[in-house]
Novice: 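Sharing a structure below in structure tokens format, with a few things to ask.
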Amino acid sequence: MKNILGPLAVAGILTFAAAMSASADVKLGTPFSDHMVLQRDRAVPVWGSAEPGEAVSVSFAGQTLKAVAKADGSWRVDLRPLAASKEGRTLTAAAASGRAEVADVLVGEVWFASGQSNMECPIWSGDPRFRDANGAMMINSTYRPYIRWVRNEHKWSAKPAKIDGTAWRDYSPESFMNNGGVRWLSAVAYYYALELYGALDVPIGIIDSTWGGTNIDAWTPRCGYEGHPELKDVAEYPVTDKWDKSMSRGPISGSNQQPTVLWNGMVDAWTPFAIRGFIWYQGCHNAGEAGRYCAKMHALYDGWSKAFENPGLRLYFAELAPFAASWFEIQQAQKKFAAEEGNAAIAVLADAGNLRDIHPNNKEIVAKRLALHALKNDYGFDNVRPNSPTLKSWKVENGAMVLSFNDARGWYVYEADRSIAPNFEIAGPDNRFVPAKLANVDGNGRVRGADLVVSSEEVKEPCRLRYLYKSPFTGTLYNDVCLPLGSFEVDARTNKPTRVGAPVRLGDAEQAKELEGYRKIQTLDIPVRPNYAQNPPPRPEFSGEFSRVAYLLELESMDGTVDWVLTSMDVPESAKASSLGVPCRAGERIQGRVSGLTVRSNRSNVKPVTNYDGGSVEFWAPNYGQRKMVDGIGGDDTRYDFNDSPNLGQGAEVGYGSMQVHDWKSGATIWALNNFNGDATCDIGIGNNEDGDHPDWTFMHNASRWRTRRLSIFVQQKR
């Protein structure tokens with residue numbers, strides 16, 4: 001089939017409208033170029049520039065509207081809603097100084113695709129690890145002249161920037177293979193547009209604005225942060241075009257990671273273009289701050305809907321697919337946002353990952369599940385059921401958890417051993433999770449009834465349940481329309497740790513009476529990614545002799561309230577003030593029992609003690625293992641807890657790092673700071689960790705849950 005767009009698109013040269021603007025004063029904005037698609041059934045802004053005060057006349061599809069260029073040269077008109085049309089018509093902007101024309105303009109459905117690498121992953125490329133599995137077949141055999149696509153090149157900017165030379169192309173082998181050096185279209189975007197066209201038979205426009213390895217902050221416009229005081233630190237980040245590594249904060253680890261900079265460089269110039277909505281696939285780069293991600297999704301959506309002047313803007317987004325790392329926490333944040341925002345919906349991908357590759361190459365299934373939401377919510381396909389199951393209610397019955405779900409009239413287990421759905425775990429009052437089985441499934445994988453009954457012979461009184469928390473993270477449970485159940489949890493504990501006493505602010509706990517007579521020798525505000533091996537903090541300094549040391553750990557929540565714990569103890573023998581700080585240098589290690597332990601906290605799961613003989617510490621710079629190290633204090637060789645063993649081998653002097661205080665008699669962690677010597681999100685917590693497998697918070701990578709993580713060290717002079 002002949003490519004109807006002709007040599008302009010094949011050669012990838014500047015469009016006619018762009019060429020015209022070089023010799024005429026009147027110009028059209030970024031989206032407007034040959035072969036484009038306009039959004040049907042809603043007002044369509046058309047804008048551009050001209051001489052200040054110049055009258056501009058815009059004509060399209062029988063409409064003619066007039067505007068006068070403002071003092072800055074900008075002008076805009078809004079076309080009245082248009083019906084869908086496959087007829088290629090001309091849009092004209094004319095003024096006394098000249099005219100700009102855009103040829104072959106269609107009217108249909110327009111969508112924006114954005115996010116990081118799993119959205120950017122192209123329909124085809126020269127990299128076998130970064131392309132769709134069927135892309136070569138698709139681009140060489142698909143002719144869809146009424147689907148048009150455009151891709152924005154990578155560009156970050158500290159301020160809103162222009163995008164020049166926009167070139168729309170169709171779905172044809174010539175368009176994809178002879179694209180003038182332009183990157184191939186996103187595979188998810190490719191299939192999404194194809195799905196919509198097949199269902200609607202109207203022109204489809206798809207805009208690809210993606211960049212791998214980027215965070216959500218960079219794609220969020222400044223206006224999105226309005227009404228989100230919990231993100232004030234992000235909204236006020238000092239964006240600069242002279243970024244350096246010292247400006248790193250949390251997920252901001254490069255110039256193109258700064259808040260707003262990809263919105264400025266790759267999206268802003270498209271506003272307020274009329275679109276139906278946008279599809280989004282992102283989250284890996286923000287996985288270390290799951291506690292903030294729901295709020296950041298709200299800011300993203302709010303900003304896009306404001307800037308595109310579309311309060312009903314749709315946002316359909318992809319859940320992070322299974323990989324070698326756990327996405328459990330951020331998946332819960334994604335689901336929370338989907339439940340809170342009425343114009344958003346999530347495509348669950350629990351079965352669509354690759355545990356060896358963060359870029360699974362089946363992008364068609366992602367697009368199909370995203371498209372189901374559009375067909376149901378936007379295009380009147382009432383019989384479509386687009387939602388994966390979500391937990392509706394639960395109860396404990398005969399030693400099992402009975403779970404009821406929305407969007408599940410029946411179930412099927414697609415697994416070799418169909419009596420076990422991998423990654424169901426259940427726990428009793430001791431918070432120790434064990435693998436669990438489905439009690440109501442037959443040998444063919446059919447579940448009896450609409451509920452799931454989950455139990456384990458090892459747990460007689462279940463009060464907690466998790467699904468897809470542990471590797472291999474891959475879902476095998478499907479509802480009756482073959483959509484997978486995604487990760488979720490049930491926490492039915494009646495004694496969950498809570499904050500006790502009146503709310504306090506950062507620094508208030510320094511007034512505790514237990515610190516009378518102590519002198520502060522160091523305060524550290526711990527970064528999310530400390531990397532203390534490369535950038536060690538100052539060492540605590542104190543002249544003279546001292547007999548006791550105290551550590552105050554304060555964790556400030558996003559709302560400004562604080563959890564805190566204070567531990568004081570007799571100074572271990574031979575310890576100097578400089579050795580009492582975070583151990584980040586070779587040879588630093590203090591381990592074993594301590595005497596005279598006093599503990600105070602505003603957390604209910606921390607037992608207060610005074611002058612206690614059951615305390616121990618684990619301060620060291622290297623990696624460590626689960627094997628018990630110190631005789632006579634117990635411990636568990638299968639978990640990281642209060643009696644672990646540092647790696648003392650040659651060449652392993654500095655590694656993960658541990659700074660922990662324990663109540664070994666009770667088998668409890670009092671507080672822990674781990675993983676501070678590398679460039680990764682550190683572990684931190686007060687009391688026993690009841691959310692992960694290890695009581696001492698090892699491998700939690702949770703530091704971004706808090707706005708501030710402050711460790712203060714005090715000493716008491718000898719009397």
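Every heavy atom of this structure was used, including side-chain atoms; hydrogens, water molecules and symmetry mates were not.
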Novice: Looking at Q257 and N215, would you say the former's side chain and the latter's main chain have a donor-acceptor pair under 3.5 Å?
Specialist: yes
Novice: Before accepting this row, confirm whether a basic side-chain N of the pair E341/K336 lies closer than 4.0 Å to the acidic partner's carboxylate O.
Specialist: no
Novice: With no hydrogens and no angle check, do the side chains of Y190 and T142 hold a donor and an acceptor under 3.5 Å apart?
Specialist: yes
Novice: Evaluate the ring planes of W219 and W280, with Trp represented by its six-membered ring, and classify them as parallel (under 30°), tilted (30 to 60°) or perpendicular (over 60°).
Specialist: perpendicular
Novice: What's the spacing between H359 NE2 and F130 CZ if we round to 0.5 Å?
Specialist: 5.0 Å
Novice: I'd like to know if K376 and D382 make a salt bridge, using a cut-off of under 4.0 Å between side-chain N and carboxylate O.
Specialist: no
Novice: Using 0.5 Å steps for rounding, measure from the CG atom of L349 to the CD1 atom of I365.
Specialist: 8.5 Å
Novice: Can you tell if the side chain of N286 reaches within under 4.5 Å of the side chain of I330, non-hydrogen atoms only?
Specialist: yes
Novice: Say whether, by atom type as modelled, one donor and one acceptor occur between the side chain of W75 and the main chain of V56 under 3.5 angstrom.
Specialist: no
Novice: So does C284 get a backbone contact from the side chain of Q116, meaning a donor-acceptor N/O pair under 3.5 Å?
Specialist: yes
Novice: Would D378 and R314 satisfy salt bridge (charged side-chain N to carboxylate O under 4.0 Å, His left out), going step by step from the backbone distance to the final call?
Specialist: CA-CA 9 Å; D378 303 301; R314 295 298 191 181; 2.6 Å; yes
Novice: Is any side-chain heavy atom of V234 closer than 4.5 Å to one of Y225?
Specialist: yes
Novice: Please name the pair of heavy atoms, one in A408 and one in R385, separated by the smallest distance, quoted to 0.1 Å.
Specialist: N-NH2, 4.3 Å
Novice: Please determine whether a side-chain nitrogen of the Lys or Arg among R76 and E309 lies less than 4.0 Å from a carboxylate oxygen of the Asp or Glu.
Specialist: yes
Novice: What residue pairs, at least two apart or across chains, pass side-chain hydrogen bond (donor to acceptor under 3.5 Å, both in side chains) with a residue in residues 290-301?
Specialist: D217-K296, D233-R292, Q282-Y293, E289-K296, H298-E340, Y301-N343
Novice: Hey, does the Lys NZ or Arg CZ of R131 hover above the aromatic six-ring of W124, less than 6.0 Å from the centre and inside 45° of the axis?
Specialist: yes
Novice: Within a strict 4.5 Å, meaning less than it, do heavy atoms of the L79 and F60 side chains meet?
Specialist: yes
Novice: What side-chain hydrogen bond (donor to acceptor under 3.5 Å, both in side chains) pairs are there with at least one residue in residues 60-70, not counting sequence neighbours?
Specialist: S59-T64
Novice: Is a donor on one side and an acceptor on the other found under 3.5 Å between the side chain of Q332 and the backbone of F328?
Specialist: yes
Novice: Do other residues, nucleotides or ligands put more than 12 heavy atoms under 6.0 Å from K159 NZ?
Specialist: no
Novice: With a 3.5 Å distance limit and no angle check, can you tell me whether N134 reaches the backbone of M137 through a side-chain donor-acceptor pair?
Specialist: no
Novice: For a quick test of reading the model, state the closest non-hydrogen atom pair linking A218 to N256 and the distance between them.
Specialist: CB-O, 3.5 Å
Novice: How far does OG of S85 sit from CZ of R40, to the nearest 0.5 angstrom?
Specialist: 11.5 Å
Novice: May I ask you to decide if S172's main-chain N or O and R144's side chain share a donor-acceptor pair within less than 3.5 Å?
Specialist: no
Novice: Would you confirm whether the ring centroid of Y197 sits within less than 6.0 angstrom of the ring centroid of Y171?
Specialist: no
Novice: Can you list the steps and then say if E51 with S97 is a side-chain hydrogen bond (donor to acceptor under 3.5 Å, both in side chains)?
Specialist: CA-CA 8 Å; E51 290 294 323; S97 58; over 6 Å; no
Novice: Going by ring pair (Phe, Tyr, Trp, His ring centres under 6.0 Å), F32 matches just one of W270, W168, F273. Which one?
Specialist: F273
Novice: I need the D268 CG to T30 OG1 distance, nearest 0.5 Å.
Specialist: 9.0 Å
Novice: What is the minimum heavy-atom distance between A345 and H373, and which atoms define it?
Specialist: CB-ND1, 3.4 Å
Novice: Would you say D127 and S125 are linked by a side-chain donor-acceptor pair, where the criterion is simply a distance under 3.5 Å?
Specialist: no
Novice: Where is the tightest heavy-atom contact between A43 and A274, given as atom of each residue plus distance?
Specialist: O-CB, 3.7 Å
Novice: Would you indicate whether the side-chain heavy atoms of T220 and W263 approach each other to under 4.5 Å?
Specialist: no
Novice: Any salt bridge linking E230 with K232? Criterion: basic side-chain nitrogen under 4.0 Å from a carboxylate oxygen.
Specialist: no
Novice: For side-chain hydrogen bond (donor to acceptor under 3.5 Å, both in side chains), just list the numbers for Y146 and D201, CA-CA rounded to whole Å, side-chain angles, deciding distance to a tenth of an Å, and then say yes or no.
Specialist: CA-CA 9 Å; Y146 301 115; D201 193 27; over 6 Å; no
Novice: Could you tell me whether the side chain of K392 and the main chain of P389 form a donor-acceptor pair under 3.5 Å?
Specialist: no
Novice: Should K155 and E153 count as an ion pair when the cut-off is N to O under 4.0 Å?
Specialist: no
Novice: Measuring from T210:OG1 to L185:CG, what's the distance to the nearest 0.5 Å?
Specialist: 8.5 Å
Novice: Can a side-chain donor-acceptor contact be found between Q258 and T240 if the only test is distance below 3.5 angstrom?
Specialist: no
Novice: Counting distance only, does the side-chain N/O of S305 pair as donor-acceptor with the main-chain N or O of P311 below 3.5 Å?
Specialist: no
Novice: Given R148, which of D208, D34, D104 fulfils the salt bridge (Lys or Arg N to Asp or Glu O under 4.0 Å) condition?
Specialist: D104
Novice: Nearest 0.5 angstrom please: I252 CD1 to W243 CH2, how far?
Specialist: 9.0 Å
